[in-house]
Chemist: 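Just passing along the structure, written as structure tokens.
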Amino acid sequence: MPEKIKPRTLKGFRDYPPATMIPREWIIETARRVYRSYGFCPMDTPSLEHLEILLGNGSEETDKQLYRFEDHGGRSVGLRFDLTVPLARFVAQHIQELGTPYKRYQIANVWRGENTQRGRYREFMQCDFDTIGTTSLSADIEMILVINDLLSALHVGEFTIHVNHRGILNGLLEKLDLSNKANSVLRALDKLEKIGEDRVRKELAETAEATSDQADQLLALTALAGSNEAMLAEAETLTAGNETGELGVAQLREALAAVSAALSPEAQDALPPEAQNRIQFAPSVCRGLDYYTGIVLETTLDELPSIGSVASGGRYDNLADLYTKQQLPGVGASLGLDRLLAALEELGRLEQTSTTAQVFIPYFAADRRNDYLKLATHLREAGIAVEFYPEAKKLGKQLQYANRRGFRIALVIGDDEFDAGECQVKDLTTGNSKTVAYTNHATALIAEIQSILAK
RNA sequence: GUGGCUGUAGCUCAGUUGGUUAGAGCGCCGGAUUGUGAUUCCGGAGGUCGUGGGUUCAAUUCCCAUCAGCCACCCCA
């Protein structure tokens, strides 16, 4: 007998059995619903692109992480490592037909050949939404509202949206004459919470050659704490005299005020106290996202901040300048679905179900198959998802199966019930059952099922 | 990509200071109970100890490599 091939998956690539796929789809559906509720429209692009498209302004890091190869026609190609670069190519190619403002969402896999860790895989899904072709602050405000709606709808527990404006830090850097060291400075400042002020100071001195006076000012900004209003006032003082910084503070102030106004006061008051500050000015949020130029945001879960940002985004001045002369400003953000799922799993916030139907019909009376199928059809027509067991096994076994899969209701019908035109509706959560007539288009039965499902 | 830790049944783990037939709990399958699932009792299946090599009379145990997972660094457009 030949050796069997060992079944296995590649590092960083995973299977998604039903128990993980069901919550996954639920998140996708929720994201889709929220995005659509703001008028964002679906679109997609190919997984594979010409290498030159993806490399574009690529940093060395991108280079290293990119999955690339030569296709059968000898072309250099690569798998997309995010959804923003393909979007840039897409709008550069199609903006004439699309018109502006163009609002899109895209939920798709991306690939990065980086080392794996909890919540970090080589194939993972991003749920992006963007508004292209407008510089209006309304779009920025809307981005914050979308993220707030989305995470609220996902039942992730309390979360914090950390909002900043690139202009504030850039302004301070200009003022301190450190603009040419921006990357090193931002990278060091971003580690503040992680490694502490002393080591950040050290890193600033080493990598950005910052003087201790410069470091003082940078840390004065990033270490700000207190209410959003108070912090903004401090930031205003620190950047005073610099146009970029002042504009940044002003825009952020306006956006935060608008977000508060948009969220109804009643809804706000109904939230627990910690949630009323869920949108916070965070002067140190600036990492990565090099092309962002305006408002930026990151979102962390209050119960598990260590897993990192589960949704981030911001405003960019010119999305597609690599591919077109047309200036295309925009604003957009992305939900990191796999990281979020990893977090929810760790927090025990995922529902354990392996079924998509709520109602189970055991195959009980062996020669009544067509009657069972007919009943199932009736229920489906009423919008109730039903699974009919394929074998006329012992009832106990079938109920055990139903219980394990997480069905809510079993409809027990044997010869006696068929003859009497009734049906036992068994609530699998409580174990109680109730006998209901199912004749007359099963109206009474449907009502009973719906009342149990509504619980 | 660099460094560290880990890998024993489907799951969570014990264990062997190198030595006969590698264990437990939970889960799974069957029966007690041929019309009712989470309890109870009885029985059963399931492991080349991640994989490959080396040292040894003997390796699941020691060594090397490799694969995978986790952690830190790096990075996260």
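The model shown is predicted, which means the values in this text are computed figures rather than measured ones.
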Chemist: Among N318(A), T244(A), D317(A), find the one that has a side chain to side chain donor-acceptor pair (under 3.5 Å) with T293(A).
Modeler: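 For T293(A), the side chain to side chain donor-acceptor pair (under 3.5 Å) check succeeds only for D317(A).
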
Chemist: Before accepting this row, confirm whether a basic side-chain N of the pair E142(A)/K103(A) lies closer than 4.0 Å to the acidic partner's carboxylate O.
Modeler: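 Between K103(A) and E142(A) there is a salt bridge, with a charged N closer than 4.0 Å to a carboxylate O.
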
Chemist: Mapping F81(A) and L10(A) to their closest nucleotides on RNA chain B, which lands nearer the 5' end?
Modeler: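 Going by which nucleotide is closer to the 5' end, it is L10(A).
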
Chemist: Are D140(A) and R166(A) close enough for a salt bridge, meaning some N to O gap below 4.0 Å?
Modeler: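 No salt bridge links D140(A) with R166(A).
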
Chemist: Taking atom C1' in both C62(B) and U17(B), what distance in whole Å separates the two?
Modeler: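 Comparing C1' positions in C62(B) and U17(B) gives a spacing of 12 Å.
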
Chemist: With the threshold set at 4.0 Å, does a side-chain nitrogen-carboxylate oxygen contact exist between D128(A) and R104(A)?
Modeler: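 Result for this pair is yes, salt bridge flagged.
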
Chemist: When you check the phosphate oxygens OP1 and OP2 of G69(B), does a side-chain N or O of R118(A) lie under 4.0 Å from one of them?
Modeler: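 So the side-chain polar atoms of R118(A) never come under 4.0 Å of the phosphate oxygens OP1 or OP2 of G69(B).
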
Chemist: Write down the distance between CD (E391(A)) and P (C29(B)), rounded to a whole number of angstrom.
Modeler: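 Between P of C29(B) and CD of E391(A): 13 Å.
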
Chemist: Considering every strand and a 4.0 Å limit on heavy-atom distances, what is the contact class for R112(A): base, sugar-phosphate, or nothing?
Modeler: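 Answer is sugar-phosphate: R112(A) comes under 4.0 Å of backbone atoms only.
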
Chemist: Can you see which heavy atom on Q450(A) is nearest to which on A382(A), and at what distance?
Modeler: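 Closest approach of Q450(A) to A382(A), heavy atoms only: NE2-O, 4.1 Å.
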
Chemist: Are any non-hydrogen side-chain atoms of T430(A) and I452(A) less than 4.5 angstrom apart?
Modeler: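 SC-SC contact between T430(A) and I452(A) ruled out.
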
Chemist: Indicate whether the side chain of N164(A) and that of Y292(A) have a donor and an acceptor atom separated by less than 3.5 Å.
Modeler: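 Looking only at side-chain atoms, Y292(A) and N164(A) do not form any donor-acceptor pair under 3.5 Å.
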
Chemist: For D15(A), is the CG atom crowded, meaning more than 12 foreign heavy atoms sit under 6.0 Å from it?
Modeler: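 Not more than 12 within 6.0 Å, no.
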
Chemist: Report the distance from atom CG of L186(A) to atom P of C75(B), rounded to the nearest whole Å.
Modeler: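 Distance, rounded to whole Å: 12 Å.
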
Chemist: Can you check the distance between A24(B) and A14(B), where both ends of the measurement are the C1' atom (answer in whole Å)?
Modeler: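 Going atom to atom, C1' in each nucleotide, I get 7 Å.
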
Chemist: Could you measure between the two P atoms, the one in G4(B) and the one in G10(B), and give it in whole Å?
Modeler: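 Between the two P atoms, the distance is 31 Å.
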
Chemist: Expressed as a whole number of Å, how far does the P atom of C28(B) sit from that of G35(B)?
Modeler: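 After rounding to an integer number of Å, I get 22 Å for this pair.
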
Chemist: Starting from C1' on G69(B), measure out to CD on E345(A) and report it in whole angstrom.
Modeler: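 Between C1' of G69(B) and CD of E345(A): 14 Å.
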
Chemist: Name the stems with RNA chain B in them: runs of three or more consecutive Watson-Crick or G-U pairs, distances under 3.5 Å?
Modeler: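 Detected stem regions: B:1-7 with B:67-73, B:10-13 with B:23-26, B:28-32 with B:40-44, B:50-54 with B:62-66.
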
Chemist: Between G10(B) atom P and R404(A) atom CZ, what is the distance in whole Å?
Modeler: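 Spelled out: CZ on R404(A) to P on G10(B) is 17 Å.
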
Chemist: Indicate whether OP1 or OP2 belonging to G69(B) is found under 4.0 Å from a side-chain N or O atom of K11(A).
Modeler: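 Yes, K11(A) has a side-chain N/O under 4.0 Å of OP1/OP2 on G69(B).
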
Chemist: Name all residues meeting the salt bridge (charged side-chain N to carboxylate O under 4.0 Å, His left out) criterion together with R14(A); count only those two or more places apart in sequence or in a different chain, and write none if there are none.
Modeler: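 Residues passing salt bridge (charged side-chain N to carboxylate O under 4.0 Å, His left out) with R14(A): D338(A).
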
Chemist: What's the spacing between L375(A) CG and I413(A) CD1 if we round to 0.5 Å?
Modeler: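 The CD1 atom of I413(A) is 4.5 Å from CG of L375(A), to the nearest 0.5 Å.
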
Chemist: Please state the C1' separation for the pair A22(B) and U36(B) - nearest whole angstrom.
Modeler: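 Roughly 41 Å separates the two C1' atoms.
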
Chemist: Can you check whether any acceptor in the base of C70(B) is under 3.5 Å from a donor in the side chain of R120(A), or vice versa?
Modeler: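 No.
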
Chemist: Looking only at atom P, what distance separates U48(B) and A9(B), rounded to whole Å?
Modeler: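 That atom pair is separated by 9 Å.
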
Chemist: Rounded to whole angstroms, how far apart are CD on Q117(A) and C1' on A68(B)?
Modeler: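 It works out to 15 Å between those atoms.
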
Chemist: For C11(B) and U51(B), measure between their P atoms and round to the nearest Å.
Modeler: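 Each nucleotide's P atom is 14 Å from the other's.
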
Chemist: Indicate whether OP1 or OP2 belonging to C67(B) is found under 4.0 Å from a side-chain N or O atom of R8(A).
Modeler: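 Checking C67(B) against R8(A), no side-chain N or O comes under 4.0 Å of OP1 or OP2.
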
Chemist: What is the separation between atom NZ on K393(A) and atom P on G30(B), rounded to the nearest whole Å?
Modeler: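 So the NZ-P distance, K393(A) to G30(B), works out to 6 Å.
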
Chemist: Tell me: CD1 of I307(A) to P of C75(B), nearest whole Å?
Modeler: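 Distance check: I307(A) CD1 to C75(B) P gives 20 Å.
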
Chemist: For N115(A) and C74(B), what is the distance between atoms CG and P respectively, to the nearest whole Å?
Modeler: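 Distance check: N115(A) CG to C74(B) P gives 14 Å.
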
Chemist: Does G12(A) reach a base, just sugar-phosphate, or nothing at all? Heavy atoms under 4.0 Å.
Modeler: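 Here G12(A) touches the backbone only, sparing every base.
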
Chemist: Rounded to whole angstrom, note down the C1' distance from U6(B) over to U66(B).
Modeler: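 Per the computed distance, 15 Å lies between those C1' atoms.
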
Chemist: How does each nucleotide of nucleotides 32-37 of chain B score, in 5' to 3' order, for protein heavy atoms under 4.0 Å: base (B), sugar-phosphate only (S), or none (-)?
Modeler: ---BBB

Chemist: Is there a side-chain contact between L411(A) and L379(A), using heavy atoms and a 4.5 Å cut-off?
Modeler: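 In short, these two side chains touch, coming nearer than 4.5 Å.
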
